[in-house]
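Taking it in order: structure first as structure tokens, then the write-up.
As the structure is a prediction and not an experimental result, all values here were calculated from the model.
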Amino acid sequence: MSGSDPVSLFGLHDKNIQILDRSFPEVKINARGNRVKVIGSSEEVDLVKNIIEGMIGVADRKGSVSENEVKTLITLKSGERKARTPLPKNIKEGDLILYTYDGIPVHAKTPGQKRIVTTSNQSDILFSIGPAGTGKTYTSVALAVKAMKEQRVKKIILARPAVEAGESLGFLPGDLKEKIDPYLRPLYDALEDMIEPDKLDYYLTKNMIEIAPLAYMRGRTLNNAFVILDEAQNATNAQMKMFLTRIGFNSRAIITGDVTQTDLPRKQESGLITVQDILKDVDGIDFVYLSEEDVVRHKLVKDIINAYEKFES
């Protein structure tokens, strides 16, 4: 299958072939010289063949293939295969957003999430407002990852207000990034579900995916990007205006938040509250409102939301 040196391709004592054997117990793999014979079902044979072709590509570029690289190829190629399998019967084609790297479909599960998907395709700027647990952030990140995979945008920018990201963080250990990261962790969690680790690290290193506090957006123009402002109830009016005026050519934005859970000082009004009146009649900007009926977390979350609404009213 290749002119590569067998040891560089298959590893010392055929270690790489042994990894394939363990990963695909129903397939018989024989390696002799620089030739490989694979016996099994046509689907499994095609998958192993694709992995070996990937190994050949790595060997041609780097001169050898490590065991970790073989394991990564197995994960990637297996995920691609799963992504080609038919959707489960309970998921409609129109509700599918994308597949995770290990082949799990990410789809709109509730009426509110379906409105987010539909409206995002029609509007350059979308506000998604609703209580905790309704999938606002996760759905938005999935739409951003899909847009980048389809090359409709060149980068993803995820921002969050870090309400206490001033002097009150000074007592925390570490540099600024280490102090800020806890505020941004939910965005990392969503990305880690959808993009394989090596590729995500590459995107973050190359700034093709950027996760940053809202304050870092000041003075920038965001072109060819899918931009998400999460937890926007903690943005002031000035910050909301600043963020919205960063949007550049061929960019889309989703702003998510829960107006009942603002962490701003009492005298400071949430920009997510006032923006609803300011921009309600602007073409190209839409608002999607989710309710407790869209909650997809533990069933108690819905009961907790209802209980607090009764108390506060």
Q | Lys114 NZ: over 12 foreign heavy atoms closer than 6.0 Å | A | yes

**Q.** Side-chain heavy atoms of Asn223 within contact of Asn250, under 4.5 Å
**A.** no

Q: I would like to know whether Ile17 and Asn30 meet side chain to side chain contact (heavy atoms under 4.5 Å, CB included); could you show each step before the answer?
A: CA-CA 8 Å; Ile17 294 297; Asn30 291 321; over 6 Å; no

(Q) Closer than 3.5 angstrom, by distance alone: can the side chain of Asn207 be matched with the main-chain N or O of Tyr203 as a donor-acceptor pair? (A) no

**Q.** Verify same cluster id: Ile39, Ile29 (apolar side-chain graph, 4.5 Å)
**A.** no

(Q) Would you compute the distance between atom CZ of Phe243 and atom CZ of Arg218 and round it to the nearest 0.5 angstrom? (A) 13.0 Å

Q.
Surrounding CD of Glu150 (heavy atoms of other residues, nucleotides or ligands, distance under 6.0 Å), is the total greater than 12?
A. yes

(Q) On a heavy-atom basis, which atom in Ala235 and which in Leu264 lie closest, and how many Å separate them? (A) O-CD1, 3.9 Å

Q: Kindly check if the number of other-residue, nucleotide or ligand heavy atoms within 6.0 Å of CG (Asp283) is above 12?
A: no

Q. Looking at side-chain heavy atoms only, is the closest gap between Leu191 and Ile211 below 4.5 Å?
A. yes

Q.
Just so I know, are the side chains of Val65 and Val70 near enough to count as touching, which here means a heavy-atom distance under 4.5 Å?
A. yes

Q. Between Thr134 and Ser291, which heavy-atom pair has the shortest distance, and what is it?
A. CG2-O, 3.4 Å

Q: Go through the steps for Tyr188 and Leu200 under the test side chain to side chain contact (heavy atoms under 4.5 Å, CB included), then give the verdict.
A: CA-CA 10 Å; Tyr188 284 103; Leu200 178 57; 5.8 Å; no

Q. Rounded to the nearest 0.5 Å, how far does NZ of Lys71 lie from CG of Leu73?
A. 12.5 Å

(Q) Working note: Phe287 + Arg115, criterion side chain to side chain contact (heavy atoms under 4.5 Å, CB included); need CA distance, chi angles, decisive distance, verdict. (A) CA-CA 10 Å; Phe287 293 82; Arg115 289 196 299 275; over 6 Å; no

**Q.** Heavy-atom closest contact (Ile228 atom, Ala144 atom, distance)
**A.** CD1-CB, 4.0 Å

Q) Between CD of Glu69 and OG of Ser64, what distance do you get to the nearest 0.5 Å? A) 7.0 Å

Q | Pairwise distance OG1(Thr139) to CD1(Ile116) - rounded to 0.5 angstrom | A | 5.0 Å

Q.
If you compare all heavy atoms of Asn16 against all heavy atoms of Gly11, which two are closest, and at what distance to 0.1 Å?
A. ND2-N, 3.6 Å

Q) Side chains of Tyr138 and Asp189: do they bring a donor and an acceptor to under 3.5 Å? A) no

Q: Decide yes or no for Pro105 and Ile97: does some side-chain heavy atom of the first lie under 4.5 Å from some side-chain heavy atom of the second?
A: no

**Q.** Tyr202 OH: over 12 foreign heavy atoms closer than 6.0 Å
**A.** no

Q: Examine distances only and state if a side-chain atom of Asn234 and a backbone atom of Asp263 form a donor-acceptor pair shorter than 3.5 Å.
A: yes

Q: Could you tell me whether the side chain of Lys241 reaches within less than 4.5 Å of the side chain of Asn237, counting heavy atoms only?
A: no

Q.
Quiz question: by atom type and distance under 3.5 Å, do the side chains of Ser123 and Asp286 form a donor-acceptor pair?
A. yes

(Q) To check you understand the geometry: which heavy-atom pair defines the closest contact between Ala232 and Ile255, and what is its length? (A) CB-CG2, 3.3 Å

Q) So do Phe127 and Val275 actually touch side chain to side chain, heavy atoms under 4.5 Å? A) yes

Q: Would you confirm whether Gln18, through its side chain, and His13, through its main-chain N or O, come within 3.5 Å as a donor-acceptor pair?
A: yes

**Q.** ILVMFWY cluster, Ile125 and Val282 together (side-chain gap under 4.5 Å)
**A.** yes

Q: In plain terms, say whether Lys136 and Glu231 are close enough for a salt bridge, that is, a side-chain N and a carboxylate O under 4.0 Å apart.
A: no

**Q.** More than 12 heavy atoms from other groups under 6.0 Å of NZ on Lys149
**A.** yes

Q. Looking at Lys155 and Glu210, does any basic side-chain N land under 4.0 Å from a carboxylate oxygen?
A. yes

Q: Step by step, work out the side chain to side chain contact (heavy atoms under 4.5 Å, CB included) result for Ile19 and Ile74.
A: CA-CA 9 Å; Ile19 294 172; Ile74 291 171; 3.8 Å; yes

Q | Any side-chain donor near an acceptor of the partner, Ser66 and Asn68, under 3.5 Å | A | no

Q) Would you say the side chain of Val259 lies within less than 4.5 Å of the side chain of Ile129, judging by non-hydrogen atoms? A) yes

Q) Distance-only, no hydrogens or angles: does the Arg252 side chain make a donor-acceptor pair with backbone N or O of Phe226 under 3.5 Å? A) no

Q.
Could you report the tightest heavy-atom contact between Leu9 and Ala59, atom names first, then the distance?
A. CD1-CB, 4.1 Å

Q.
With rounding to the nearest 0.5 angstrom, report the OG1 to CG distance, Thr262 to Leu272.
A. 9.0 Å

Q.
Using a 3.5 Å distance criterion without hydrogens, assess whether the side chain of Asp294 forms a donor-acceptor pair with backbone atoms of Gly112.
A. yes

Q. If only atom types and distance count, is the side chain of Glu44 paired as donor or acceptor with the main-chain N or O of Gly40 below 3.5 Å?
A. no

Q) When you measure from the side chain of Gln239 to the backbone N and O of Thr236, does any donor-acceptor pair fall under 3.5 Å? A) yes

Q: Using a 4.5 Å cut-off on heavy atoms from C-beta on, say whether the side chain of Met194 contacts that of Leu98.
A: yes

Q) To the nearest 0.5 Å, what is the distance between CZ (Arg152) and OG (Ser251)? A) 12.5 Å

